[in-house]
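Below is one structure; the comments refer to it alone.
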Amino acid sequence: MLFQTKDLKFSHPGQKEYHFQDISLDRGESLLVLGKSGSGKTTLLNLFAGLLSPHSGSVVLDGTAINQLDSGKMDRFRGENIGIVFQKPHLLAPLDVKENLMMARYFSNKNGQDADELLQELDLSHKSHSLVNQLSEGEAQRVSIARALINRPKLILADEPTSSLDDENAERVVKLLQGQATKIQAALIIVTHDHRVKEQISNYIEVKSV
Ligand SMILES: Nc1ncnc2c1ncn2[C@@H]1O[C@H](COP(=O)(O)OP(=O)(O)OP(=O)(O)O)[C@@H](O)[C@H]1O
């Protein structure tokens, strides 16, 4: 199994404790994390990404128990092995599209994907030298996907990647994420309350606050 969580428990200061369902995913597999607003979906994604530490339980990616890494090691491990797509693109405005990708590459020792090839696959070659504030919302979201994939991560995490997109772009973004996950044999986890995404990915868990 490539990615596995067990008995994850976490609470934000002064709040009730979440006890999350175990998950396990193999290379190339996809999973949706569904649930109502405030049910803990983003919290769970942050545990998967090592951005939060569980109070107990484990998160294992390709044999590494990431919840046991210290913060310096975790940052390096995340940069090399986990690609994160946020709801809003968070691109670096002074840089152009390709420079945003190369910046992500700079923080990793791994042999990543070829930036020009990736931009071509995401239909962004013609925007390679555009400043990111000159992009449409759909284009900016595809750049953030390219940036998350440039280091060939083993795990791709996407938090509400389609919520601000129209139907056509939403479908396209999910197809791209799935296509890339298959290509680089990564596990893909999408957190969403967008029911359009369910039509494309059938495997899901539902986070419930109890
Ligand atoms: N840093 C934090 N400190 C304290 N409480 C937090 C923090 N982050 C989230 N919470 C609380 O934890 C609960 C779950 O939040 P979370 O963002 O995980 O939910 P969600 O399911 O992703 O919601 P949404 O769909 O609205 O994004 C909420 O009640 C939220 O207010």
Side-chain angles (χ1 to χ4, degrees), residues 3-25 29-61 65-72 74-75 77-79 81-91 137-138 140-145 147-148 153 155-167 169-178 181 186-210:
F3 182 67
Q4 243 172 338
T5 69
K6 219 170 166 226
D7 264 337
L8 279 182
K9 290 186 183 165
F10 179 84
S11 60
H12 292 291
Q15 296 199 28
K16 66 180 162 64
E17 187 172 64
Y18 291 104
H19 187 176
F20 293 107
Q21 179 181 336
D22 294 351
I23 68 163
S24 51
L25 287 174
E29 280 189 335
S30 307
L31 176 76
L32 291 186
V33 176
L34 305 173
K36 290 192 184 130
S37 181
S39 59
K41 301 182 297 299
T42 299
T43 301
L44 183 58
L45 196 89
N46 286 333
L47 291 168
F48 294 163
L51 291 164
L52 289 174
S53 279
H55 295 170
S56 61
S58 62
V59 180
V60 178
L61 177 58
I66 68 169
N67 52 300
Q68 284 170 13
L69 298 176
D70 66 37
S71 72
M74 184 63 237
D75 288 343
F77 185 86
R78 187 185 310 108
N81 297 293
I82 304 177
I84 308 177
V85 181
F86 297 97
Q87 186 171 0
K88 294 271 168 208
H90 296 301
L91 300 168
E137 215 164 343
Q141 191 56 301
R142 297 209 302 285
V143 175
S144 77
I145 291 173
R147 186 187 51 186
L155 176 65
I156 304 167
L157 301 174
D159 195 358
E160 305 278 7
T162 57
S163 57
S164 59
L165 302 178
D166 60 26
D167 288 354
N169 275 300
E171 187 180 339
R172 185 172 186 192
V173 155
V174 175
K175 263 200 191 131
L176 280 172
L177 284 167
Q178 278 200 294
L188 168 66
I189 300 176
I190 302 180
V191 163
T192 190
H193 58 242
D194 182 346
H195 284 273
R196 296 175 299 183
V197 183
K198 263 172 103 175
E199 288 162 23
Q200 291 172 269
I201 298 178
S202 53
N203 188 23
Y204 73 90
I205 60 163
E206 199 151 356
V207 177
K208 290 192 182 106
S209 30
V210 276

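Just so you know, ligand 1 is whichever comes first in the structure, and atom 1 is the first atom listed for that ligand.
Of all protein heavy atoms, the one closest to atom 10 (N) of ligand 1 is H12 CD2, 3.3 Å. Residue, atom and distance of the protein heavy atom nearest to atom 15 (O) of ligand 1 are T43 OG1, 3.8 Å. Closest to atom 17 (O) of ligand 1 among all protein heavy atoms lies T42 CB, 3.6 Å. In this structure, the protein non-hydrogen atom closest to atom 19 (O) of ligand 1 is G40 N, 3.3 Å. The shortest contact between atom 25 (O) of ligand 1 and any protein heavy atom is with K41 NZ, 2.7 Å. Atom 26 (O) of ligand 1 has S37 OG, 2.6 Å as its closest protein atom, hydrogens excluded (heavy atom only).
Here the straight-line distance linking atom CG of L31 with atom OG of S202 works out to 10.0 Å at 0.5 Å rounding. Note that NZ of K9 is 5.0 Å distant from OG of S56, once rounded to the nearest 0.5 Å. Here the straight-line distance linking atom CD1 of I66 with atom CD1 of I82 works out to 4.5 Å at 0.5 Å rounding. Rounded to the nearest 0.5 Å, atoms NZ (K41) and CD (E160) are 6.0 Å apart. In this structure, CZ on R172 lies 14.5 Å from CG on D167, to the nearest 0.5 angstrom.
In this pair, F3 and F48 present their aromatic rings perpendicular. The plane angle is above 60°, beyond the 30 to 60° band.
Taking each heavy atom of I23 and I189 in turn, the nearest pair found is CD1-CD1, 3.9 Å. Contact record, R147 with H90: NH1-O, 2.9 Å, taken as the closest heavy-atom pair.
Y204 pairs by the side chain to side chain contact (heavy atoms under 4.5 Å, CB included) definition with L32, L34, K198, E206, not counting sequence neighbours.
Checking atom 7 (C) of ligand 1 against the protein gives a heavy-atom contact under 4.0 Å. At a distance under 4.0 Å, a protein heavy atom can be found next to atom 12 (O) of ligand 1.
In this structure, G38 is part of the shell of residues with a heavy atom less than 4.0 angstrom from ligand 1.
Atoms of ligand 1 lying under 4.0 Å from any heavy atom of Q15, numbered from 1 in the order shown and given with element: 4 (C), 5 (N), 6 (C), 11 (C), 12 (O), 29 (O). Each of the atoms 12 (O), 13 (C), 14 (C) of ligand 1 lies under 4.0 Å from some heavy atom of Y18. Ligand 1 places these atoms under 4.0 Å from at least one heavy atom of K36: 21 (O). Near S39, meaning under 4.0 Å from any of its heavy atoms, are these atoms of ligand 1: 19 (O), 21 (O).
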